[in-house]
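Data block below; observations after.
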Amino acid sequence: MTSVLALYRNHDALMNMSSNQQPTLILRRLSVDEYVLPKIHTKKIKRVNSERKPFSVNPFPKLGTGHGVYVFENQYFRYEGEWVKGKKHGFGKLLLKDGTYYEGQFNQGEITGTGFKFFSETKCKYKGQFLKGEMHGRGIMEFPDSSEYEGNFVHNRKNGYGVMRTPLTQYDGGYQGNMRHGEGRMVYAPMRYDKTSNGDRYEGYWVADKRHGPGVLHCADGSIFDGNFDNDEFHGHGLYRHISGVIYDGMWLKGFPAKMASKLHIVVENTPMVIRQGTPFTITVQCLNDENDVVGDEGREIQITAGFKYYQPSKGSALFDMIEDVEDKPIDTPFGYQVVHYPLTNQEQENDGPSEEDEEQELSQSQTQLDLKEDEDENQNNKEEEIKEGEDGEKLAENEKQDDEKEDGVDNSGGGVEEPDEIPNNTTTETESVPLPPPVPNCRSEEGVCVWNEVYLAPAPPMYRPFVAMEEAENDKKSSSRGKPAINKDDRRSSIVSEQRRQTIHDPVDKMRRQKEKALEEKYAKTGEYVLMVHDVTNPPFLGRTIEPAFLLLKLKRPEAKKRAKKEGKKWDTSQHIRRSMVATEGLED
């Protein structure tokens, strides 16, 4: 058909030509096969799938450009907004069936630009930049617990610089992969009742959400650590200034110093340590670790005290009724018994009494008097043996009773209470208030060592419980010793005579000695065994650890008597003595 039409068209063209231009037309008969039209090969045009479907709420604008609402085939997505050539482009809102939605800019069908997204599962809200449906760029994420992150995002993760605010913390610094990484500062909220926050402040480096590398930690209590961190712990070299005053500058291992003090040690040559009344002594204490090495920490507070053996009061005594009201509880010691505190001071003891020379002179005089009394006793032995044997047992019993009452300070012979011994002028009565000396102040360690100089055991306070209980125990022993089996009259008479003779001889000397001992006890500590105790009282404890205390036995003795220098007299001249003897002998012979 096409060939025939072509022939007609060619014919018209030929007719319009001039005779000179007309070519010779040769007509020929066409076969049947030549009438068949040739096959036309055309390129198949692919149909462009548009987002418009027959069940759309509103039809697309013409050519798919404009404003429209579309529900996708799976009915999970619904879009309302601007379209350009069948694609979401411009401002729109994409709503998911689970409640999540995005409202913001679209670009060529993708969520790209600035917008707002609500996550129905986590209840989080994000406002910021997007790239192909992901949070990418600058933005703000709000969490349901009122936390907020403002910073940079890369592919839905916090990355780069950002600020994270929570009810308990605030962090501003670097992020990588949703975790704190790089240099940053963390400020913790003040201390809470549930101890979920402590009020610290950290400035330094982070790795994978942990403090790692050099940094400075300012604790809420005032302590400061400036050094290296590893996995949120002090590790490496660091300087720690504790609120208690302790300063440690050195190596750290997993949160603790490489050399950590664990016990106290009292430096002494011999144990027990022998001290003298009224003579000061020096105490040196070291802070050691488990390997017995001195730990050079600074500022650890060490307390030194003394104690005396604790005596349990017997039932019925005055101390037994008031023992519950006493705050000073017994302290366990490694020596097999308990002690209670005894006053220890570094105040020099005043010497208002007689000098040591006078004391020695008094003691020598008392010894001389004792010798004289013993001589008189030997001369009177015969007279004392002439006591009548006709005294009955009642009189002897009465004498025994009177003797016992005299020892107890009671005189039933009509004199009432026995008058107390005379008190020297340099002593005070119990009714007078004697102020206790100030205790030894605590010492701060220097390179792990504490030293106390000029330390004294102070005189015992009035009614010191251990001494009173000890005296009660001694009196009980004496009273129990009196309950001996009965003896015959002769033995009893001789024992009474000897006792009376002993009292007659020794009473003046014993009275003087008792007065002297009482004066010394009021002036100095009582001789005997004491315990020196050293404790770590650092408050608050350094790193939550209190090191073990130390104990030392003290033996308190009387002052050493000074040897008097012998006065050099005239030398003995033997020849002159012989000469004088010979002259005297010759005179007698004449």
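If you're wondering where the values come from, they're calculated on a predicted model, not measured in any experiment. In this chain, numbering begins with 1 at the start of the sequence shown.
A donor-acceptor contact shorter than 3.5 Å is absent between the side chain of N228 and the backbone of H237. Between the side chain of E82 and the backbone N or O of H67 there is no donor-acceptor pair closer than 3.5 Å. A distance-only check finds a donor-acceptor pair linking the side chain of T112 to the backbone of K132 [under 3.5 Å]. S445 places a side-chain N or O within donor-acceptor distance of the main-chain N or O of R300, the cut-off being under 3.5 Å. At least one donor-acceptor pair closer than 3.5 Å links the side chain of H89 to the backbone N or O of Q108. A distance-only check finds a donor-acceptor pair linking the side chain of R444 to the backbone of G299 [under 3.5 Å]. Remark: side-chain polar atoms of R180 are not paired, donor with acceptor, to backbone N or O of Y175 under 3.5 angstrom. With N152 contributing its side chain and N159 its backbone, the two residues share a donor-acceptor pair below 3.5 Å. Side-chain atoms of T538 come within 3.5 Å of backbone atoms of E301 as a donor-acceptor pair (strictly under, hydrogens ignored). N270 places no side-chain N or O within 3.5 Å of a backbone atom of M273 that could act as its donor or acceptor partner.
More than 12 heavy atoms of other residues, nucleotides or ligands lie within 6.0 Å of NZ in K263, so this atom counts as buried by the packing criterion. The neighbour count for R276 CZ, taken as heavy atoms of other residues, nucleotides or ligands under 6.0 Å away, is above 12. Residue R157 places its CZ atom among 12 or fewer non-hydrogen atoms of other residues, nucleotides or ligands, all under 6.0 Å distant. The neighbour count for E446 CD, taken as heavy atoms of other residues, nucleotides or ligands under 6.0 Å away, does not exceed 12.
Judged by distance alone, the side chains of H155 and E134 do bring a donor and an acceptor atom under 3.5 Å apart. The closest side-chain donor-acceptor pair between N231 and K254, if any, does not fall under 3.5 angstrom.
Between the CZ atom of R78 and the OH atom of Y101 there is a distance of 14.0 Å, given to the nearest 0.5 Å. In this structure, Y248 OH and F542 CZ are separated by 8.0 Å, a value rounded to the nearest 0.5 Å. Atom CD of Q176 sits about 11.5 Å away from atom CG of D209, to the nearest 0.5 Å. Here CG of D200 is found 13.0 Å from CZ of F225. Values are rounded to the nearest 0.5 Å. The structure places CG of L554 at 5.0 Å from CG of L532, a figure rounded to the nearest 0.5 Å. One finds the CG atom of L94 at 10.0 Å from the OG1 atom of T100 (value rounded to the nearest 0.5 Å).
Here the closest non-hydrogen pair linking C450 and I302 is SG-CG1, 3.7 Å. Across C287 and L264, no two heavy atoms sit closer than the pair SG-CD2, 3.9 Å. The shortest non-hydrogen separation linking H535 to P549 is CD2-CB, 3.5 Å. Smallest separation of non-hydrogen atoms from T527 and R558: CG2-N, 4.0 Å. Taking all atoms of both residues into account, the shortest heavy-atom contact from Y464 to A460 is CB-CB, 4.3 Å. Between Y456 and T279, the shortest heavy-atom distance links the atoms CE2-C, 4.1 Å.
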Exercise. Using the side chain to side chain contact (heavy atoms under 4.5 Å, CB included) rule, take Q286 and V267 through it: C-alpha gap first, then chi angles, then the decisive distance, then the call.
Key: CA-CA 7 Å; Q286 297 175 336; V267 180; 3.6 Å; yes
Quiz item: Under the side chain to side chain contact (heavy atoms under 4.5 Å, CB included) criterion, do Y188 and L168 qualify, and how do the steps go?
Solution: CA-CA 6 Å; Y188 299 87; L168 301 178; over 6 Å; no
Practice problem: Check the pair V531 / L553 against side chain to side chain contact (heavy atoms under 4.5 Å, CB included), numbers first and verdict last. | Solution: CA-CA 5 Å; V531 176; L553 277 178; 4.0 Å; yes
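A 4.5 Å side-chain heavy-atom check between L556 and K526 finds every atom pair outside the cut-off. Side chains of M141 and E148 form no contact here, defined as non-hydrogen atoms less than 4.5 Å apart. Considering only heavy atoms from C-beta on, K88 comes within 4.5 Å of W83 through its side chain. In this structure, S223 and I243 have side chains that are in contact, with non-hydrogen atoms separated by less than 4.5 Å. Residues P439 and L344 fail the side-chain proximity criterion, which asks for heavy atoms closer than 4.5 Å. The side-chain heavy atoms of M260 and V295, taken from C-beta on, include no pair separated by under 4.5 Å. A 4.5 Å side-chain heavy-atom check between T166 and F143 finds every atom pair outside the cut-off. In this structure, the side chains of Y310 and P466 stay at 4.5 Å or more apart for every pair of heavy atoms.
Using the six-membered ring where Trp is involved, Y342 and F308 have ring planes that are tilted, between 30° and 60° apart. Using the six-membered ring where Trp is involved, W252 and Y240 have ring planes that are perpendicular, over 60° apart on the 30 and 60° scheme.
Figure legend: K117 and F130 shown without cation-pi pairing, the cationic atom not lying both under 6.0 angstrom from the six-membered ring centre and within 45 degrees of its axis.
For F118 and F116, the distance between ring centers is not under 6.0 angstrom. Residues Y126 and F119 place their aromatic rings such that the two centres sit no closer than 6.0 Å.
Screening Y202, Y161, W206 for a ring-ring contact (aromatic ring centres under 6.0 Å, His included) involving Y171 leaves a single residue, W206.
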